[in-house]
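The figures that follow rest on heavy atoms only: side chains count, while hydrogens, waters and symmetry mates do not. Predicted model only: the values in this text are computed from it and were never measured.
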Amino acid sequence: MLKKLAGCIGEYKRDSILAPLFVTCEVILEVIIPILMARIIDKGIEMHNMSVVIVTGISLVLLVCLSMFCGSMSGKYAASASAGFAKNLRKKMFHSIQDFSFTNIDKFSTSGLVTRLTTDVTNLQNAYQMIVRIAVRSPAMFIFSMAMAFFVNPYIALIFLAIAPILGFGLIFIATKAHPIFEKVFRTYDRLNSVVQENLRGIRVVKAFVREDYEKQKFNAVSKDIYDQFSRAEKILSFNSPLMQGTMYIVMLLISWFGSKLILSQRMSQGELISMITYAMQILMSLMNFSMIFVMVIISKASAERITEVLSEESDLLDGEENITDIPDGSVEFRDVAFSYYKSTNSLCLENISFKVQTGEKIGIIGGTGSGKTSLVQMIPRLYDSTLGEVFVGGRNVKEYNLEALRSSVAVVLQKNELFSGTIKENLRWGNPDASDEELIRVCKLAQADEFIQSFPDGYDTHIEQGGKNVSGGQKQRLCIARALLKSPKILILDDSTSAVDTATDKLIRTAFAEEIPGTTQFLIAQRISSVEHADRIIVLDNGRINAIGSHQELLESNDIYREIYESQQKGVGVNE
């Protein structure tokens, strides 16, 4: 875990080294100051020697100024190092997520990943800043102050050693009790983010069904869980401050008691006693700071484990060993393919899938909800890998191809395609960053999107809000189709991507495809028979198996499932008419 996290320090290693160096210099200067103060008292004030007071006083002022400079520089470099560490950590996590397959992403909830990229990274940033500064300052101050205390009076310095085991046992108790609670807290944070995210995404539905009170109750329940868990953890951590304060007061009393006796017996001067009290304060403050770090580490340890989970996750979809980048054509073949989202043969959602498709063929796929239509086509661009059997594109197993090359040759318009905040042009150029304005217009005309785009005041420069909220469902689908066509793919997969457009527009899109991209292999998933009836062949899926393959007319004559769907939809048309 530490090795993975340390790899994110990157270009901020210099700042991470300079911060503790300046801290160490600051500490050394601070532990010298009590000795000089003792000298002023013993050699200057008591001896009525003003020259000692003046010279030593000037030295004190210089040391204080130099100590302040070192302190400010350590703060500057610690802030830079921690902010840079957090930046690299977020960057590395985000890049790791981009490389995930759908299977990897399915292991983490969306809200969980958001929490890791925000709250957990902030916790580690704060912890890292404390580590490169306070975590160096505290032990350095403890060691140097303890050494100076033994130098001044070894007998009184033994008090510090006697009190150390009490603090050690106390801190261990706090850690073992608090850490498991913080692990639960961050899992609950995931739930809270999920509730908020779900509510905001479905706010229109919430208001339409007047479910605001229910959503408030759901939010309050999760929020109360976080409050209860944090309260339990804070109650345990609250023992930290009284433990340290009590220890400090006991030490101060013991030093004062034994110090006064040594002064009366003339084995210790007043200046030495004051310096010992100062060192006691420094030692105990260093322990106080150390306990603060201890608490922060307890909190951040849970965050570090969650972040490491993401960084350690390896994509199960890798480039093929041969790393083939040339996809010769758009032919597709499935050989005895079975698929499970859980990588288990006991829970297959597709099985015994075998068929061949020639380049340029138009294949319709139809079947009931949950029959495996989307799962089937997602194996062509390797969004998922088959659990059993093999999938071929261009005569080669898809696992032999370079992933980027394969996906660049396959355009997919999924059921839940997304538009991103930016202009229409920027969204379309996801398909081809170098596409000219003329190419954008051409593909939009094919997708029947040009007309409504031109009706906007800003045309192709119209700003799209996040998720495409300012365009209708049908407009969004047509923009996604245009974006896919801009890739000039060898294989085009339309997963129920015209469900939100009217039948007339659907027909125009199909006609444009037939005329403009006749050499592109097309897979058309649809609920409506009218969207696939003109396909060269239609695959009928039923409960994860191929029930039949044939043309529209052949299936009407020979397949009961297809005929039943067709007749039910025709009756619906008749009723509407």
Side-chain angles (χ1 to χ4, degrees), residues 17-79 132-161 163 244-245 247-290:
I17 293 170
L18 287 175
L21 282 177
F22 276 108
V23 165
T24 304
C25 292
E26 181 188 16
V27 168
I28 291 172
L29 294 170
E30 285 185 15
V31 297
I32 294 174
I33 290 172
I35 291 292
L36 296 180
M37 290 173 63
R39 178 178 171 78
I40 289 175
I41 294 170
D42 294 337
K43 304 293 184 183
I45 296 174
E46 288 192 2
M47 299 293 184
H48 304 287
N49 190 338
M50 285 304 295
S51 62
V52 171
V53 173
I54 293 170
V55 172
T56 309
I58 292 171
S59 300
L60 270 174
V61 171
L62 292 174
L63 284 176
V64 169
C65 292
L66 191 56
S67 176
M68 288 174 63
F69 171 77
C70 290
S72 63
M73 293 303 291
S74 69
K76 171 188 171 183
Y77 287 117
V132 296
R133 193 179 185 195
I134 301 176
V136 174
R137 178 184 174 81
S138 295
M141 181 65 78
F142 180 84
I143 292 168
F144 288 124
S145 295
M146 185 69 78
M148 294 303 291
F150 271 97
F151 174 75
V152 173
N153 194 301
Y155 298 106
I156 292 183
L158 289 173
I159 295 172
F160 301 126
L161 295 182
I163 212 74
M244 297 304 302
Q245 293 284 354
T247 304
M248 181 184 293
Y249 295 141
I250 290 170
V251 169
M252 296 299 292
L253 287 171
L254 290 173
I255 289 175
S256 300
W257 173 263
F258 288 108
S260 62
K261 288 185 174 295
L262 290 173
I263 289 173
L264 291 174
S265 63
Q266 296 185 341
R267 286 185 292 171
M268 188 177 189
S269 68
Q270 292 180 26
E272 288 175 337
L273 177 59
I274 291 173
S275 66
M276 285 299 293
I277 291 173
T278 305
Y279 287 130
M281 292 292 292
Q282 289 179 343
I283 289 169
L284 292 172
M285 285 304 296
S286 70
L287 292 174
M288 283 282 287
N289 289 334
F290 184 77

If you define the side chain from C-beta out and look only at heavy atoms, does anything of [X] sit under 4.5 Å from [Y]?
{"X": "C70", "Y": "V23", "answer": "no"}
{"X": "M148", "Y": "I35", "answer": "yes"}
{"X": "T24", "Y": "I28", "answer": "yes"}

Quick one: pull up [atom1] in [X] and [atom2] in [Y] and give me the separation to the nearest 0.5 Å.
{"X": "I32", "Y": "S67", "atom1": "CD1", "atom2": "OG", "answer": "10.0 Å"}
{"X": "L66", "Y": "L29", "atom1": "CG", "atom2": "CG", "answer": "5.0 Å"}
{"X": "M73", "Y": "E26", "atom1": "CE", "atom2": "CD", "answer": "12.0 Å"}

Expected output: side-chain [X] to main-chain [Y] donor-acceptor under 3.5 Å:
{"X": "S74", "Y": "G71", "value": "yes"}
{"X": "S72", "Y": "F69", "value": "yes"}
{"X": "S260", "Y": "S256", "value": "yes"}

Query raised in the report: Does the side chain to side chain contact (heavy atoms under 4.5 Å, CB included) test come out yes or no for I40 and L60, once each step is laid out?
Result: CA-CA 10 Å; I40 289 175; L60 270 174; 3.4 Å; yes
Over all atoms of both residues, closest heavy-atom pair of [X] and [Y]:
{"X": "L36", "Y": "T56", "value": "O-CG2, 3.4 Å"}
{"X": "V136", "Y": "P20", "value": "CG2-CB, 3.6 Å"}
{"X": "A78", "Y": "V132", "value": "CB-CG2, 3.8 Å"}

Requested in this report: Apply salt bridge (Lys or Arg N to Asp or Glu O under 4.0 Å) to R133 and list each qualifying residue two or more places apart in sequence or on a separate chain.
Outcome: none
Query raised in the report: Between E30 and R137, does a side chain to side chain contact (heavy atoms under 4.5 Å, CB included) hold up when you go through it step by step?
Result: CA-CA 11 Å; E30 285 185 15; R137 178 184 174 81; 2.8 Å; yes
